[in-house]
Amino acid sequence: MIQVYTQNIKGTWFALACAEQRIYGTSFAETEQKALNSLLNNLPYNIPFQVLISPSACARDTFGLLEAVFEGKDANLNLNLATDKLPAYTKRVIEATMQIPVGYVASYGSVAKAVGGGPRAVGNVMAGNAFAPLVPCHRVVKSDFTLGGYGGGLKVKYQLLSKEKRGYSSGLKIRLYEGDLQVYPVEYSLRAIEGLF
DNA sequence: TGCAAACCATAAC
DNA sequence: GTTATGGTTTGCA
């Protein structure tokens with residue numbers, strides 16, 4: 001039985017699905033209804049769930065993490081995501097995305113080069129990300145550093161990235177099991193979209 | 001800039 | 001099996 005919770009944190013509604021310390025999905029939106037909908041959309045439909053009011057300890061911790069990420073703070077994310085039911089490639093992309101540090105962005109193509117496949121395939125995984133914003137798909141942008149797309153709306157993607165500025169001035173190569181992931185300072189992106197929001 | 005073609009894993013049929 | 005569909009990229013006019 002999966003437990004589902006919703007919580008309003010500083011004006012934004014978050015939804016969370018978990019069971020036995022494992023996270024099955026997270027989402028956020030401007031209304032409780034929308035957050036719940038997008039969460040349940042990504043949940044395996046054949047698994048029963050119940051919506052609870054008072055959060056478990058695990059739920060409280062996870063809501064805390066969600067808030068931290070949403071506020072652009074550095075959060076240590078060694079979480080227990082229930083990704084085992086996802087296709088292998090999807091899992092690889094998600095894991096690579098989680099390696100992008102706060103303050104940096106990677107392009108769809110750069111992720112693709114690291115894990116295999118093509119840029120559009122990476123975009124597809126992002127579009128279906130059931131763990132936003134814990135899996136920081138907002139840190140994946142186009143090769144020209146403009147934003148690309150975002151499930152929660154581009155304005156939100158922009159706001160998240162703005163809060164993650166850390167003042168880095170050069171890129172970074174991150175060693176993954178599959179290959180190297182090239183990332184760039186988030187400032188590159190903010191500069192590229194200057195004036196658009 | 002803008003457009004067309006190549007790209008690649010999924011989901012849907 | 002096959003097709004349709006993207007949160008893309010690159011090349012070329």
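Below, chains carry the letters A, B, ... as their sequence lines are ordered, and counting in each starts from 1.
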*Please check if A/Val141 and A/Leu172 belong to a single hydrophobic cluster, counting links between Ile, Leu, Val, Met, Phe, Trp and Tyr side chain heavy atoms closer than 4.5 Å.*
yes
*For DNA chain C, which nucleotides open and close the run of contacts to chain A, 5' to 3', at under 4.0 angstrom from a non-hydrogen atom?*
C/dG6 to C/dT10
*For A/Val140, report the nucleic acid contact type (base, sugar-phosphate, nothing); a contact means any heavy atom under 4.0 Å.*
base
*Could you list the residues that satisfy side-chain hydrogen bond (donor to acceptor under 3.5 Å, both in side chains) with A/Asp74, not counting sequence neighbours?*
A/Arg166
*When all nucleic acid strands are considered with a 4.0 Å heavy-atom cut-off, which category describes A/Gly151: base, sugar-phosphate, or nothing?*
base
_Heavy-atom check, side chain of A/Ser110 versus side chain of A/Val140, under 4.5 Å_ = no
_Sorted by number, the residues of residues 91-112 of chain A with heavy-atom contact under 4.0 Å to DNA chain C_ = A/Ser107, A/Tyr108, A/Gly109
*asked:* Under the rule for ring-ring contact (aromatic ring centres under 6.0 Å, His included), what residues qualify as partners of A/Tyr184, not counting sequence neighbours?
replied: A/Phe145
*With A/Tyr24 via ring-ring contact (aromatic ring centres under 6.0 Å, His included) - residues at least two apart*: none
*Verify whether the ring centers belonging to A/Phe70 and A/Phe28 lie closer than 6.0 Å.*
yes
*Please identify each residue that fulfils ring-ring contact (aromatic ring centres under 6.0 Å, His included) with A/Tyr158, with sequence neighbours left out.*
A/Phe197
_Counting only heavy atoms and a strict 4.0 angstrom limit, can you tell me which residues of residues 185-197 of chain A come near DNA chain C?_
none
*Grab the CZ-P distance between A/Arg120 and B/dA6 for me, whole Å please.*
13 Å
*asked:* Once salt bridge (charged side-chain N to carboxylate O under 4.0 Å, His left out) is applied, do any residues pair with A/Arg175, and if so which ones, sequence neighbours excluded?
replied: A/Asp180
*Only pairs at least two apart or in different chains count here, so list each salt bridge (Lys or Arg N to Asp or Glu O under 4.0 Å) that has a residue in residues 42-67 of chain A.*
A/Lys10-A/Glu67
_Length of the line joining A/Tyr89:OH and B/dA11:P, which is rounded to integer Å_ = 13 Å
*OP1, OP2 of B/dA9 versus side-chain N and O of A/Thr90: anything below 4.0 Å?*
no
*Runs of at least three consecutive Watson-Crick or G-U pairs, both distances under 3.5 Å, are what I'm after; which ones involve DNA chain C?*
B:1-6 with C:8-13, B:8-13 with C:1-6
_For a quick check of understanding: with a heavy-atom distance under 4.0 Å over all strands, which category does A/Gly118 fall into, base, sugar-phosphate or nothing?_
sugar-phosphate
Donor-acceptor contacts, no H, no angles, side chain residues 121-131 of chain A, under 3.5 Å, sequence neighbours left out:
from: A/Asn129; atom 1: OD1; to: A/Phe131; atom 2: N; distance (Å): 2.9
from: A/Asn129; atom 1: ND2; to: A/Val135; atom 2: O; distance (Å): 3.1

*A/Phe49 atom CZ: more than 12 heavy-atom contacts under 6.0 Å*: no
*Is it true that A/Lys34 and A/Glu30 make a salt bridge, defined as a side-chain N closer than 4.0 Å to a carboxylate O?*
yes
List the atom pairs, with distances to 0.1 Å, where a side-chain N or O of residues 88-99 of chain A and a protein N or O form a donor-acceptor pair under 3.5 Å, not counting sequence neighbours.
from: A/Tyr89; atom 1: OH; to: A/Gly116; atom 2: O; distance (Å): 2.9
from: A/Arg92; atom 1: NE; to: A/Val115; atom 2: O; distance (Å): 3.3
from: A/Arg92; atom 1: NH2; to: A/Val115; atom 2: O; distance (Å): 2.8
from: A/Thr97; atom 1: OG1; to: A/Val93; atom 2: O; distance (Å): 2.8

